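The structure under discussion appears below in the form of structure tokens.
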Amino acid sequence: MKRIIVTGALGQIGTELTLKLRELYGEDNVLPTDIKEPVDSPLEGKPFEILDVTDYEEMVRICKEFNGDTMMHLAALLSATCEKDPQLAWNINMGGLVNALETARTLNLQFFTPSSIGSFGPSTPKDNTPQTTIQRPVTMYGVNKVSGELLCNYYFEKFGVDTRGVRFPGLISHVREPGGGTTDYAVEIFFEAVKNGKYASFIDKGTFMDMMYMDDAIQAIIDLMEADASKLEDRNAFNVTKMSFDPEMVAESIRRHYPEFELTYDVDPVRQGIAENWPNSIDASEAKRQWGFDAKFDLDKMTDTMIEAIKKKL
Ligand code: AKB
């Protein structure tokens, strides 16, 4: 039985991951933490600790007190936010990660942290991007993500910390909306379709990026953490994805429910610039081969689920 500490638990991934982990391993065996109180969150009213991941002493204290054996480190700023304040991004994304890895090393914790398609850059092959390839990102987020991948590998090789990680594409969910990401349009579009029947996309037509439904992302984390270590040739930075689409394809899928749905464009040059430096589609064959990665939600199935859930919510 695992005892898991989650950092950044109020974020888009953290919220649903905590709920799922509690279902699987028991409420008392999962400790969500974040820098804010869980107000208006599904995590409200259950055990929770305030933790600023740049505070190493506090991180160690909480982990020791909880007596955990696993850390899932999710606290990080997303791509567009990183471009607004690169120094803050470095402090939180890299400072937090070093603290989390040191805590895992000192307390002998199994460790997960996500990387992203943001770790790729303009010189990376754009289509069917292999897992091992050129990574020369030109954003602070990308620099953080590549550094993080290397650091996690280093902690495994040098200190034997059981680090594991994936490169997530854009994640689509209705429980908790993301904030400050380049792929956020693919979440907003569903909420706006249900609420107003129209959406102005900040990502331009014809811009393809990888995406995945949150349930598949959570399952991927659990499967990788449960995978037999002897089967893992790699540890970190597994490409995972289910689909690649542009805004028009999502609109088409939404029109199966709302034939009048109107998609217009109000392109944000910062996020469009980031998107243009990311792959159109990545190759997830190594994750499938090494630990059986399998995603179930295609675009239409995800659209049906999102619309149904948002209608209920509103
Ligand atoms: C972002 O857009 O910043 C994230 C990501 C793909 O890493 N969703």
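Remember, it's 1-based here, ligands and their atoms both numbered in the order they're listed. For the single chain, residues carry numbers from 1 onward in sequence order. All values derive from a computational prediction rather than experimental measurement.
Proximity of Tyr155 to Phe111: side-chain heavy atoms (C-beta onward) are nowhere separated by under 4.5 Å. Leu232 has its side chain out of reach of Phe156: every pair of non-hydrogen atoms, C-beta onward, lies at least 4.5 Å apart.
Nearest non-hydrogen protein atom to atom 3 (O) of ligand 1 is Ser79 OG, 2.5 Å. The single protein non-hydrogen atom nearest to atom 2 (O) of ligand 1 is Thr182 N, 2.7 Å, given as residue, atom name and distance. The protein atom (non-hydrogen) at minimum distance from atom 8 (N) of ligand 1 is Thr183 OG1, 2.9 Å.
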Review point. Run the side chain to side chain donor-acceptor pair (under 3.5 Å) check on Asp127 and Asn280 step by step: do they pass?
Key: CA-CA 6 Å; Asp127 296 302; Asn280 297 327; 3.0 Å; yes

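Taking every non-hydrogen atom of Ile117 and a distance limit under 4.0 Å, the qualifying atoms of ligand 1 come out as 6 (C).
Every pair tested for ring-ring contact (aromatic ring centres under 6.0 Å, His included) that includes a residue from residues 15-36 fails, sequence neighbours excluded, so the list is empty.
Annotation: Asp184 places no N or O atom under 3.5 Å from an N or O atom of ligand 1; distance criterion only.
Between Ser116, Ala76, Ala80, it is Ser116 that holds the heavy atom closest to atom 6 (C) of ligand 1.
A salt bridge is defined here as a Lys NZ or Arg NE, NH1 or NH2 lying under 4.0 Å from an Asp or Glu carboxylate O, and Glu226 with Arg164 fails to meet this definition.
No part of Ile274 comes within 4.0 Å of ligand 1, judged by heavy-atom distances. Using a 4.0 Å cut-off between heavy atoms, Trp278 contacts ligand 1 through its side chain alone, with no backbone atom that close.
For the side chain to side chain donor-acceptor pair (under 3.5 Å) test, no residue two or more places apart in sequence or in another chain qualifies with Glu49.
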